[in-house]
S.K.: 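Below you'll find the structure I mean.
The figures that follow rest on heavy atoms only: side chains count, while hydrogens, waters and symmetry mates do not. Atoms within a ligand are numbered from 1 in the order they appear, just like the ligands themselves. Please read these numbers as outputs of a predicted model, since none were measured by experiment.
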Amino acid sequence: MSPVRTVDEHLAAILAAVRPLTPLDLALLEAEGTILAEPVAAPVPLPPFDNSAMDGYAVVAADVAGATEQTPVTLPVVGDVAAGDTGVSAIASGMCTRIMTGAPVPAGADAVVPVEWTDGGIVSVRIDRSVPPGHYIRRAGEDVAEGQVVLEPGVRLGAPQIGMLAAVGRARVRVRPRPRVVVLSTGDELREPGSPLAPGQIWDSNSFMITAAVHEAGGVGFRHSALVDAPEKVLAALREQLTRADAVITTGGVSMGARDVVKEALAGTLTFTKVAMRPGKPQGFGLLDGVPVFTLPGNPVSAYVSFQVFVRPALRAMQGLPPEPPSAGTAVLAEPVRSPRGLRHYLRGRLTGGGAVTPASAQGSHQMGALAAADALIVVPEEREHMAAGEEVEIWRLP
Ligand code: AMP
Ligand code: MG
């Protein structure tokens with residue numbers, strides 16, 4: 001008899017065995033989606049210099065203090081400053097320069113009059129409105145101060161963070177890489193989607209679903225086509241894949257049948273155990289040549305739930321993130337649920353308006369239809385055998 005573990009015990013055993021990946025230096029765009037592993041500070045203030053927020057005229061505010069449409073002020077235009085100009089000459093009271101958005105404000109000027117408030121003149125300009133000092137000038141450092149930490153370690157680098165790194169002049173950055181995860185399904189009955197089915201065959205859904213789930217969890221998934229139920233072939237494929245993997249996930253072949261090929265292939269290397277949960281009771285985990293291998297059950301809903309419960313937290317830990325499940329919360333049960341005593345039950349559900357969740361009517365571990373229609377898992381604790389409509393229950397929003 002294989003041992004029985006609680007969900008928490010099995011997860012703890014997994015988390016004790018996985019390590020954060022070693023940080024590496026990546027070029028900015030290669031770092032997209034990875035986790036920052038260093039604090040990043042601005043070497044200069046942002047903006048680096050006072051510059052114009054508008055296309056208009058750099059002026060001495062006092063010169064246009066009385067300007068109105070009835071009493072416009074006309075000033076000579078002594079220059080033209082565009083974004084990127086260096087060596088901009090100073091101005092004095094009684095003159096102005098044309099200035100473009102992003103161009104350095106000339107010394108001596110203390111405000112910008114937008115072109116819309118003028119006649120747009122090139123030699124001289126008629127200004128119809130006054131501006132207070134500082135108007136339409138973006139001050140050096142008003143976005144980010146010199147030396148300020150703009151990104152802390154642990155943040156995932158999405159588009160705004162990649163932009164921030166570039167804005168502070170970084171071409172490369174130290175990150176924890178996305179874990180590379182090989183996904184292998186097993187089963188003589190499996191066929192590649194797109195190919196015809198003979199009687200008794202089904203299309204392989206697990207390897208696609210779990211590869212996508214790896215991506216959602218921040219990893220890079222490498223999907224392997226389905227393996228036949230032959231232990232030596234499974235072991236050979238696993239060993240071959242180890243070289244490019246930070247982790248391996250298999251599905252199928254771990255329960256109590258006559259063809260439990262993954263169990264046969266890895267008995268003695270991995271720990272195979274029953275976990276007190278539904279779906280997902282048969283689980284295996286261990287290190288193969290130091291690489292974490294998760295052997296998930298074959299039923300698609302079981303495989304998916306097992307991924308969220310055990311693999312996702314491990315992939316997060318490998319990225320140096322808190323090993324959390326998908327975004328957890330609570331909802332009110334719209335209908336009562338029954339649950340097996342002693343097992344943690346993960347039901348498929350749909351969130352409805354007003355903080356309620358409706359359990360799917362189809363809760364079989366083979367029922368992909370209900371999983372694909374669900375947007376949440378309902379988590380019923382081990383000790384509850386039924387929960388009433390109106391009771392508050394833990395839910396995980398599916399990514
Ligand atoms: P097993 O754990 O290998 O006995 O598989 C349990 C059930 O899940 C069987 O009905 C299999 O046909 C099904 N199954 C296993 N692997 C997959 C897969 N990759 N895609 C879809 N169904 C699968
Ligand atoms: Mg099988």
S.K.: When you measure from atom 5 (O) of ligand 1 to each heavy atom in Gly298, Pro282, Ala226, which option holds the nearest one?
M.R.: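 Looking at heavy atoms only, the winner is Gly298.
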S.K.: Verify the distance criterion only: is there a donor paired with an acceptor across the side chains of Ser185 and Asp204 at less than 3.5 Å?
M.R.: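 Their side chains do contain a donor-acceptor pair, which is all the 3.5 Å distance test asks for.
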S.K.: Any idea which protein heavy atom is nearest atom 6 (C) of ligand 1, and the distance to it?
M.R.: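 Among all protein heavy atoms, the one nearest atom 6 (C) of ligand 1 is Asn299 N, 3.8 Å.
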S.K.: Give me the nearest non-hydrogen protein atom to atom 21 (C) of ligand 1 as residue plus atom name, then the distance to 0.1 Å.
M.R.: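 Result: Ser205 OG, 3.3 Å.
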S.K.: Scan residues 365-399 for pairs that pass ring pair (Phe, Tyr, Trp, His ring centres under 6.0 Å), counting only residues two or more places apart or in two chains.
M.R.: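 Output for this query lists Tyr346-Trp396.
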S.K.: Could Arg312 and Phe307 be counted as a cation-pi pair, given that NZ or CZ must be under 6.0 Å from the ring centre and within 45° of the axis?
M.R.: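 Geometry flag: not set, cation outside 6.0 Å or 45°.
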S.K.: Which atoms of ligand 1 have any heavy atom of Gly253 under 4.0 Å away?
M.R.: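 Counting atoms of ligand 1 from 1, those under 4.0 Å from Gly253 are 1 (P), 2 (O), 3 (O).
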S.K.: Look at atom 4 (O) of ligand 1 and say which protein heavy atom is nearest, naming residue and atom and giving the distance to 0.1 Å.
M.R.: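 Answer for atom 4 (O) of ligand 1: Ser255 OG, 4.0 Å.
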S.K.: Just need the protein heavy atom nearest to atom 12 (O) of ligand 1, so name the residue and atom and give the distance.
M.R.: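 I find the closest protein heavy atom is Glu189 OE2, 2.5 Å.
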S.K.: Within ligand 1, which atoms have a heavy atom of Asp204 less than 4.0 Å away?
M.R.: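 Those of ligand 1 that fall under 4.0 Å from Asp204 are 18 (C), 19 (N), 20 (N).
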S.K.: So, applying salt bridge (Lys or Arg N to Asp or Glu O under 4.0 Å) with Glu38, which one of Arg170, Arg172, Arg174 is it?
M.R.: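 Exactly one pass, corresponding to Arg170.
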S.K.: How would you list all residue pairs meeting ring pair (Phe, Tyr, Trp, His ring centres under 6.0 Å) that involve residues 19-59, not counting sequence neighbours?
M.R.: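 The answer is none; no pair qualifies.
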S.K.: For Ala37 versus Arg176, what's the shortest heavy-atom pair and its separation?
M.R.: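 Smallest heavy-atom distance, with atoms named: CB-N, 3.9 Å.
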S.K.: Measure from NZ or CZ of Arg191 to the centre of the six-membered ring of Trp203 and say whether it is under 6.0 Å with the direction within 45° of the ring axis.
M.R.: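 Pair Arg191/Trp203 does not count as cation-pi.
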S.K.: What do you reckon, does Gly187 put a non-hydrogen atom under 4.0 Å from ligand 1?
M.R.: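 Under 4.0 Å: no for Gly187.
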S.K.: Identify, for atom 17 (C) of ligand 1, the protein heavy atom at the shortest distance, and state residue, atom and that distance.
M.R.: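 The protein heavy atom lying closest is Asn206 ND2, 3.2 Å.
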S.K.: Quick check on contacts: which atoms of ligand 1 are under 4.0 angstrom from a heavy atom of Ile202?
M.R.: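 Those atoms are 12 (O), 21 (C), 22 (N), 23 (C).
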